[in-house]
Undergrad: 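Here it is, the structure, as C-alpha coordinates.
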Amino acid sequence: ESAESTVSVIPCDASYSILRQKWIRVNISDVNLHLTQQQYCRLIVLANSIPGVFAGAPVEDVPSSTPETPAERNAGETDLLPELSPQDPTTGQLVLKKVDLQVTMEMARMQLYGIGASSPDNLKEHGIISSALSKSTLTLDMRSNGALQSQLWINSFTVNNTKPGHTKFREIIPAADHGRDQFHCLVTMSGGPTNDTQVVASVDSPHMIFSVDPIFALSNFFTSAFVSESGFTEEPEEGMRDEITTPETKEPKETPKSTLSYRFDIHDACVSILEDDQKSDSQAVRLTLSRLSLSQQVRYSLSAKSID
(Lines give C-alpha, C1' and ligand atoms only; values in the text may rest on other atoms or scores of the structure.)
Protein backbone atom coordinates (compact mmCIF):
# COMPACT_ATOMS: atom_id res chain seq x y z
CA GLU A 1 0.00 0.00 0.00
CA SER A 2 2.64 2.51 0.97
CA ALA A 3 6.30 2.90 1.68
CA GLU A 4 7.61 6.03 3.34
CA SER A 5 11.23 6.99 3.88
CA THR A 6 13.72 9.78 3.41
CA VAL A 7 17.43 9.37 2.76
CA SER A 8 20.20 11.80 3.57
CA VAL A 9 23.66 11.18 2.10
CA ILE A 10 26.73 12.84 3.57
CA PRO A 11 29.74 12.32 1.23
CA CYS A 12 33.16 13.33 2.48
CA ASP A 13 36.54 12.91 0.80
CA ALA A 14 39.58 12.66 3.03
CA SER A 15 43.24 12.61 2.00
CA TYR A 16 46.09 11.45 4.19
CA SER A 17 49.52 11.74 2.53
CA ILE A 18 49.63 8.57 0.44
CA LEU A 19 46.13 7.34 1.43
CA ARG A 20 43.01 8.59 -0.32
CA GLN A 21 39.65 7.22 0.73
CA LYS A 22 36.03 8.17 0.31
CA TRP A 23 33.87 8.40 3.42
CA ILE A 24 30.14 8.11 2.76
CA ARG A 25 27.49 8.30 5.49
CA VAL A 26 23.85 7.54 4.70
CA ASN A 27 21.08 8.13 7.25
CA ILE A 28 17.66 6.66 6.43
CA SER A 29 14.59 7.78 8.33
CA ASP A 30 11.88 5.38 9.52
CA VAL A 31 10.59 3.06 6.76
CA ASN A 32 6.95 1.87 6.77
CA LEU A 33 5.96 -0.76 4.21
CA HIS A 34 2.46 -2.20 3.76
CA LEU A 35 2.29 -5.11 1.31
CA THR A 36 -0.75 -7.11 0.26
CA GLN A 37 -0.62 -10.59 -1.25
CA GLN A 38 -1.70 -9.31 -4.69
CA GLN A 39 1.05 -6.70 -4.68
CA TYR A 40 3.61 -9.31 -3.66
CA CYS A 41 2.60 -11.55 -6.59
CA ARG A 42 2.89 -8.64 -9.01
CA LEU A 43 6.36 -7.84 -7.72
CA ILE A 44 7.48 -11.44 -8.27
CA VAL A 45 6.06 -11.44 -11.82
CA LEU A 46 7.84 -8.17 -12.52
CA ALA A 47 11.12 -9.51 -11.13
CA ASN A 48 10.85 -12.64 -13.29
CA SER A 49 10.20 -10.60 -16.44
CA ILE A 50 13.23 -8.33 -16.03
CA PRO A 51 15.77 -10.93 -17.30
CA GLY A 52 13.73 -11.27 -20.50
CA VAL A 53 14.43 -7.66 -21.35
CA PHE A 54 18.12 -8.46 -21.63
CA ALA A 55 17.65 -11.79 -23.43
CA GLY A 56 19.20 -11.89 -26.88
CA ALA A 57 21.59 -9.04 -26.18
CA PRO A 58 24.80 -9.35 -28.20
CA VAL A 59 27.65 -10.99 -26.34
CA GLU A 60 30.96 -9.26 -26.75
CA ASP A 61 34.01 -11.36 -27.40
CA VAL A 62 36.47 -10.95 -24.59
CA PRO A 63 40.05 -10.90 -25.83
CA SER A 64 42.11 -13.80 -24.66
CA SER A 65 44.74 -13.10 -22.08
CA THR A 66 47.79 -15.00 -21.02
CA PRO A 67 47.26 -17.21 -18.01
CA GLU A 68 48.52 -15.87 -14.73
CA THR A 69 51.37 -17.52 -12.95
CA PRO A 70 50.83 -18.66 -9.36
CA ALA A 71 52.98 -15.77 -8.14
CA GLU A 72 50.89 -13.22 -10.04
CA ARG A 73 47.68 -14.83 -8.84
CA ASN A 74 48.72 -14.74 -5.20
CA ALA A 75 50.00 -11.19 -5.46
CA GLY A 76 46.46 -9.78 -5.74
CA GLU A 77 44.86 -11.87 -3.01
CA THR A 78 44.09 -11.00 0.56
CA ASP A 79 44.47 -13.48 3.36
CA LEU A 80 40.88 -14.43 4.23
CA LEU A 81 40.83 -13.54 7.91
CA PRO A 82 37.77 -12.23 9.80
CA GLU A 83 39.31 -8.75 9.53
CA LEU A 84 40.97 -7.28 6.44
CA SER A 85 44.67 -6.67 6.85
CA PRO A 86 46.11 -3.22 5.96
CA GLN A 87 49.00 -5.01 4.23
CA ASP A 88 49.00 -7.68 1.57
CA PRO A 89 50.15 -10.87 3.36
CA THR A 90 51.90 -12.13 0.21
CA THR A 91 53.79 -9.07 -1.01
CA GLY A 92 53.77 -6.96 2.13
CA GLN A 93 52.56 -3.95 0.12
CA LEU A 94 50.19 -1.44 1.67
CA VAL A 95 46.55 -2.02 0.69
CA LEU A 96 44.69 1.27 0.23
CA LYS A 97 41.13 1.78 1.40
CA LYS A 98 38.96 3.00 -1.51
CA VAL A 99 35.48 3.34 0.01
CA ASP A 100 34.25 3.50 3.59
CA LEU A 101 30.43 3.40 3.56
CA GLN A 102 28.08 3.42 6.54
CA VAL A 103 24.28 3.21 6.30
CA THR A 104 22.14 3.65 9.41
CA MET A 105 18.39 3.22 9.77
CA GLU A 106 16.56 3.81 13.04
CA MET A 107 13.40 1.78 12.34
CA ALA A 108 11.94 -0.32 9.49
CA ARG A 109 8.40 -1.68 9.75
CA MET A 110 6.63 -4.07 7.38
CA GLN A 111 3.05 -5.33 7.50
CA LEU A 112 1.75 -8.18 5.36
CA TYR A 113 -1.90 -8.71 4.38
CA GLY A 114 -3.69 -11.73 2.96
CA ILE A 115 -5.47 -12.36 -0.32
CA GLY A 116 -8.70 -10.56 0.66
CA ALA A 117 -7.08 -7.19 1.31
CA SER A 118 -8.17 -4.87 -1.53
CA SER A 119 -8.67 -1.43 0.07
CA PRO A 120 -7.51 0.51 3.13
CA ASP A 121 -10.88 -0.17 4.76
CA ASN A 122 -10.44 -3.94 5.02
CA LEU A 123 -6.69 -4.23 5.65
CA LYS A 124 -7.11 -5.02 9.36
CA GLU A 125 -9.50 -7.87 8.51
CA HIS A 126 -6.80 -9.66 6.47
CA GLY A 127 -3.64 -8.99 8.44
CA ILE A 128 -0.99 -11.69 8.76
CA ILE A 129 2.06 -10.34 10.55
CA SER A 130 3.86 -7.11 11.27
CA SER A 131 7.62 -6.98 11.74
CA ALA A 132 10.08 -4.30 12.79
CA LEU A 133 13.84 -3.84 12.60
CA SER A 134 15.26 -1.42 15.15
CA LYS A 135 18.59 0.41 14.91
CA SER A 136 20.15 -1.24 11.85
CA THR A 137 23.65 -0.38 10.66
CA LEU A 138 25.38 -1.51 7.46
CA THR A 139 29.06 -0.85 6.73
CA LEU A 140 31.13 -1.51 3.62
CA ASP A 141 34.93 -1.39 3.41
CA MET A 142 36.45 -1.70 -0.09
CA ARG A 143 40.19 -2.03 -0.69
CA SER A 144 42.37 -1.16 -3.67
CA ASN A 145 43.17 -4.83 -4.41
CA GLY A 146 39.50 -5.78 -4.84
CA ALA A 147 38.97 -7.09 -1.31
CA LEU A 148 35.93 -5.97 0.62
CA GLN A 149 34.30 -6.41 3.98
CA SER A 150 30.71 -5.71 4.95
CA GLN A 151 28.97 -5.89 8.32
CA LEU A 152 25.33 -5.70 9.34
CA TRP A 153 24.06 -5.05 12.86
CA ILE A 154 20.41 -5.24 13.92
CA ASN A 155 19.77 -4.22 17.51
CA SER A 156 16.26 -5.65 17.77
CA PHE A 157 13.94 -7.71 15.56
CA THR A 158 10.26 -8.21 16.43
CA VAL A 159 7.35 -10.01 14.75
CA ASN A 160 3.69 -9.70 15.81
CA ASN A 161 0.63 -11.69 14.80
CA THR A 162 -1.98 -9.38 13.21
CA LYS A 163 -4.50 -12.02 12.16
CA PRO A 164 -8.04 -11.13 13.32
CA GLY A 165 -9.23 -13.10 16.31
CA HIS A 166 -8.95 -13.29 20.07
CA THR A 167 -5.44 -14.64 20.39
CA LYS A 168 -3.74 -14.14 23.73
CA PHE A 169 -0.25 -14.23 22.21
CA ARG A 170 0.31 -11.45 19.68
CA GLU A 171 4.09 -11.39 19.96
CA ILE A 172 5.65 -14.11 17.81
CA ILE A 173 9.19 -12.81 18.29
CA PRO A 174 9.33 -10.33 21.20
CA ALA A 175 12.02 -7.70 21.51
CA ALA A 176 15.22 -8.83 23.19
CA ASP A 177 15.87 -7.32 26.62
CA HIS A 178 19.59 -7.99 26.94
CA GLY A 179 20.63 -4.65 25.42
CA ARG A 180 23.00 -6.21 22.88
CA ASP A 181 22.66 -6.48 19.12
CA GLN A 182 20.29 -9.33 18.29
CA PHE A 183 21.77 -10.05 14.85
CA HIS A 184 25.22 -9.56 13.37
CA CYS A 185 26.64 -10.65 10.02
CA LEU A 186 30.19 -10.26 8.70
CA VAL A 187 31.04 -10.88 5.03
CA THR A 188 34.68 -10.83 3.92
CA MET A 189 35.78 -11.28 0.31
CA SER A 190 39.39 -11.57 -0.76
CA GLY A 191 40.89 -9.73 -3.69
CA GLY A 192 42.43 -11.40 -6.71
CA PRO A 193 40.86 -13.77 -9.23
CA THR A 194 39.54 -16.34 -6.74
CA ASN A 195 37.29 -14.05 -4.66
CA ASP A 196 37.19 -16.37 -1.67
CA THR A 197 34.31 -15.46 0.61
CA GLN A 198 33.76 -15.92 4.31
CA VAL A 199 30.40 -15.32 6.04
CA VAL A 200 29.99 -15.22 9.82
CA ALA A 201 26.48 -14.65 11.23
CA SER A 202 25.16 -14.82 14.77
CA VAL A 203 21.74 -14.46 16.38
CA ASP A 204 21.56 -13.62 20.07
CA SER A 205 18.67 -14.79 22.28
CA PRO A 206 15.89 -15.35 19.72
CA HIS A 207 12.57 -16.24 21.39
CA MET A 208 9.57 -17.42 19.37
CA ILE A 209 6.01 -18.01 20.64
CA PHE A 210 3.45 -19.03 18.04
CA SER A 211 0.71 -21.39 16.94
CA VAL A 212 0.53 -23.09 13.57
CA ASP A 213 -2.12 -20.78 12.06
CA PRO A 214 0.07 -17.71 11.41
CA ILE A 215 2.86 -19.94 10.12
CA PHE A 216 0.55 -21.51 7.52
CA ALA A 217 -0.78 -18.06 6.56
CA LEU A 218 2.76 -16.73 6.14
CA SER A 219 3.78 -19.77 4.10
CA ASN A 220 0.76 -19.34 1.83
CA PHE A 221 1.64 -15.67 1.36
CA PHE A 222 5.18 -16.32 0.09
CA THR A 223 4.34 -19.38 -2.04
CA SER A 224 1.25 -17.84 -3.70
CA ALA A 225 3.37 -16.17 -6.39
CA PHE A 226 4.78 -19.53 -7.52
CA VAL A 227 1.57 -21.62 -7.60
CA SER A 228 -0.71 -21.78 -10.64
CA GLU A 229 -4.48 -22.04 -10.60
CA SER A 230 -4.23 -25.84 -10.66
CA GLY A 231 -2.31 -25.75 -7.38
CA PHE A 232 1.05 -26.80 -8.76
CA THR A 233 4.25 -24.84 -9.13
CA GLU A 234 4.30 -23.00 -12.43
CA GLU A 235 6.75 -24.22 -15.08
CA PRO A 236 7.29 -22.82 -18.57
CA GLU A 237 5.66 -24.66 -21.45
CA GLU A 238 7.69 -26.54 -24.04
CA GLY A 239 7.39 -23.73 -26.56
CA MET A 240 8.37 -21.15 -24.00
CA ARG A 241 11.37 -23.23 -22.99
CA ASP A 242 12.63 -23.16 -26.58
CA GLU A 243 12.17 -19.40 -26.77
CA ILE A 244 14.06 -18.65 -23.59
CA THR A 245 16.88 -21.05 -24.37
CA THR A 246 20.10 -19.12 -24.37
CA PRO A 247 22.00 -19.06 -27.66
CA GLU A 248 25.02 -21.22 -28.12
CA THR A 249 28.16 -19.66 -26.83
CA LYS A 250 31.78 -20.55 -26.92
CA GLU A 251 33.13 -22.88 -24.33
CA PRO A 252 33.87 -20.89 -21.19
CA LYS A 253 37.44 -20.49 -20.25
CA GLU A 254 38.72 -22.09 -17.13
CA THR A 255 38.72 -19.69 -14.22
CA PRO A 256 40.13 -20.16 -10.73
CA LYS A 257 37.59 -21.71 -8.39
CA SER A 258 36.20 -19.54 -5.62
CA THR A 259 35.56 -20.93 -2.16
CA LEU A 260 32.82 -20.11 0.30
CA SER A 261 33.15 -20.72 4.02
CA TYR A 262 30.55 -19.78 6.60
CA ARG A 263 29.64 -20.05 10.25
CA PHE A 264 26.18 -19.51 11.71
CA ASP A 265 25.71 -19.30 15.49
CA ILE A 266 22.54 -19.12 17.59
CA HIS A 267 22.80 -18.36 21.31
CA ASP A 268 20.12 -18.85 23.99
CA ALA A 269 17.25 -19.73 21.64
CA CYS A 270 13.76 -20.61 22.84
CA VAL A 271 10.85 -21.82 20.67
CA SER A 272 7.34 -22.38 22.06
CA ILE A 273 4.60 -23.94 19.91
CA LEU A 274 1.14 -23.30 21.40
CA GLU A 275 -1.72 -25.76 21.30
CA ASP A 276 -4.37 -22.99 21.36
CA ASP A 277 -3.29 -19.35 21.20
CA GLN A 278 -6.74 -18.19 22.35
CA LYS A 279 -6.12 -19.55 25.85
CA SER A 280 -3.71 -17.80 28.16
CA ASP A 281 -2.99 -21.11 29.94
CA SER A 282 -2.58 -23.13 26.72
CA GLN A 283 -0.28 -26.10 26.70
CA ALA A 284 2.84 -25.72 24.60
CA VAL A 285 5.85 -27.61 23.34
CA ARG A 286 9.00 -25.71 24.30
CA LEU A 287 12.50 -26.17 22.91
CA THR A 288 15.43 -24.35 24.49
CA LEU A 289 18.91 -24.29 23.07
CA SER A 290 21.99 -22.85 24.72
CA ARG A 291 24.06 -22.75 21.54
CA LEU A 292 23.86 -24.03 17.98
CA SER A 293 26.75 -23.67 15.55
CA LEU A 294 26.72 -24.61 11.87
CA SER A 295 29.90 -24.11 9.86
CA GLN A 296 31.50 -25.10 6.60
CA GLN A 297 35.19 -24.48 6.16
CA VAL A 298 37.43 -27.46 5.56
CA ARG A 299 34.47 -29.71 6.41
CA TYR A 300 30.86 -29.37 7.49
CA SER A 301 30.33 -29.10 11.22
CA LEU A 302 27.20 -28.96 13.37
CA SER A 303 27.36 -28.65 17.14
CA ALA A 304 24.64 -28.06 19.72
CA LYS A 305 24.77 -27.50 23.47
CA SER A 306 22.13 -27.92 26.16
CA ILE A 307 19.00 -28.87 24.19
CA ASP A 308 15.88 -29.19 26.38
Side-chain angles (χ1 to χ4, degrees), residues 1-12 23-35 81-84 97 99-113 127-142 148-162 169-189 197-210 214-215 218 221-222 262-272 286-295 304-306:
E1 286 292 331
S2 62
E4 302 174 355
S5 178
T6 59
V7 181
S8 60
V9 182
I10 308 175
C12 177
W23 300 69
I24 302 176
R25 299 295 180 262
V26 180
N27 299 320
I28 303 177
S29 65
D30 294 354
V31 177
N32 296 305
L33 175 64
H34 299 260
L35 187 65
L81 298 174
E83 299 290 341
L84 292 180
K97 180 182 291 189
V99 177
D100 187 354
L101 170 67
Q102 178 177 323
V103 181
T104 58
M105 182 170 55
E106 185 66 22
M107 181 68 68
R109 301 180 181 89
M110 180 177 66
Q111 297 190 26
L112 304 181
Y113 303 94
I128 300 179
I129 64 166
S130 64
S131 60
L133 301 179
S134 176
K135 297 180 180 179
S136 304
T137 303
L138 174 67
T139 62
L140 176 63
D141 180 3
M142 297 182 63
L148 64 85
Q149 178 175 283
S150 180
Q151 297 191 70
L152 173 63
W153 293 271
I154 298 177
N155 183 261
S156 179
F157 175 69
T158 61
V159 177
N160 294 323
N161 179 12
T162 59
F169 301 88
R170 286 293 179 183
E171 291 186 331
I172 298 178
I173 301 180
D177 56 359
H178 48 63
R180 302 182 300 273
D181 292 325
Q182 195 168 7
F183 177 79
H184 175 250
C185 182
L186 169 65
V187 179
T188 307
M189 181 179 296
T197 305
Q198 184 184 51
V199 181
V200 180
S202 62
V203 181
D204 192 0
S205 303
H207 293 177
M208 299 182 64
I209 306 173
F210 60 91
I215 301 301
L218 193 60
F221 179 92
F222 286 109
Y262 60 84
R263 190 177 78 238
F264 181 69
D265 297 328
I266 300 179
H267 302 274
D268 299 328
C270 180
V271 179
S272 300
R286 173 171 294 182
L287 173 65
T288 59
L289 184 65
S290 176
R291 180 180 179 182
L292 176 68
S293 180
L294 175 65
S295 63
K305 180 181 180 182
S306 300

Undergrad: Name all residues meeting the side-chain contact (heavy atoms from CB on, under 4.5 Å) criterion together with Ile129; count only those two or more places apart in sequence or in a different chain, and write none if there are none.
TA: Leu112, Val159, Ile172, Leu218
Undergrad: Side-chain contact test, heavy atoms from C-beta onward, threshold under 4.5 Å: evaluate it for Phe264 versus Val203 and give yes or no.
TA: yes
Undergrad: For Ile215, what residues pass the side-chain contact (heavy atoms from CB on, under 4.5 Å) criterion, not counting sequence neighbours?
TA: Phe210
Undergrad: Could you report the tightest heavy-atom contact between Ser293 and Arg263, atom names first, then the distance?
TA: OG-CG, 4.1 Å
Undergrad: Does Phe221 have any ring-ring contact (aromatic ring centres under 6.0 Å, His included) partners at least two apart in sequence or in another chain, and if so, which?
TA: Tyr40
Undergrad: Tell me, do Thr197 and Tyr262 make a side-chain contact under 4.5 Å, heavy atoms counted?
TA: no
Undergrad: State which residues pass side-chain contact (heavy atoms from CB on, under 4.5 Å) with His184; sequence neighbours excluded, sorted by chain then number.
TA: Gln151, Trp153, Leu186, Ser202
Undergrad: Report yes if the side chains of Phe169 and Asn161 come closer than 4.5 Å at any heavy-atom pair, otherwise no.
TA: no
Undergrad: Do the side chain of Thr158 and the main chain of Ile173 share a donor and acceptor less than 3.5 angstrom apart?
TA: no
Undergrad: How long is the span from the OG atom in Ser131 to the CE atom in Met110, to the nearest 0.5 Å?
TA: 4.0 Å
Undergrad: To check you understand the geometry: which heavy-atom pair defines the closest contact between Tyr113 and His34, and what is its length?
TA: OH-ND1, 3.1 Å
Undergrad: Considering only residues two or more places apart or on different chains, which pairs with a residue in residues 170-181 satisfy side chain to side chain donor-acceptor pair (under 3.5 Å)?
TA: Asn155-Asp181, Arg180-Asp204
Undergrad: Between atom OG of Ser134 and atom CG of Asp30, what is the distance when rounded to the nearest 0.5 Å?
TA: 9.0 Å
Undergrad: Nearest heavy-atom pair of Met107 and Ala132: which atoms, and what distance?
TA: SD-CB, 4.0 Å
Undergrad: Do the non-hydrogen side-chain atoms of Ile28 and Val26 ever get within less than 4.5 Å of each other?
TA: yes
Undergrad: What pairs with Ser272 under side chain to side chain donor-acceptor pair (under 3.5 Å), at least two apart in sequence or on another chain?
TA: Arg286
Undergrad: For Thr162 versus Gly127, what's the shortest heavy-atom pair and its separation?
TA: OG1-C, 3.4 Å
Undergrad: With rounding to the nearest 0.5 Å, note down the distance linking OG1 in Thr139 to CD in Gln149.
TA: 7.0 Å
Undergrad: CE of Met105 to CG of Asn27: how many Å apart, nearest 0.5 Å?
TA: 11.5 Å
Undergrad: In the structure I gave you, are the side-chain heavy atoms of Ser290 and Asp268 within less than 4.5 Å of one another anywhere?
TA: yes
Undergrad: Roughly how far, to the nearest 0.5 Å, is SG of Cys270 from CE of Met208?
TA: 10.5 Å
Undergrad: Side chains of Ser156 and Lys135: does their closest heavy-atom pair fall under 4.5 Å?
TA: no
Undergrad: At their closest point, which heavy atom of Asp100 faces which heavy atom of Arg25, and how far apart are they?
TA: O-NH1, 3.2 Å
Undergrad: Could you report the tightest heavy-atom contact between His267 and Pro206, atom names first, then the distance?
TA: O-CD, 3.4 Å
Undergrad: What's the spacing between Ser130 OG and Asn32 CG if we round to 0.5 Å?
TA: 11.0 Å
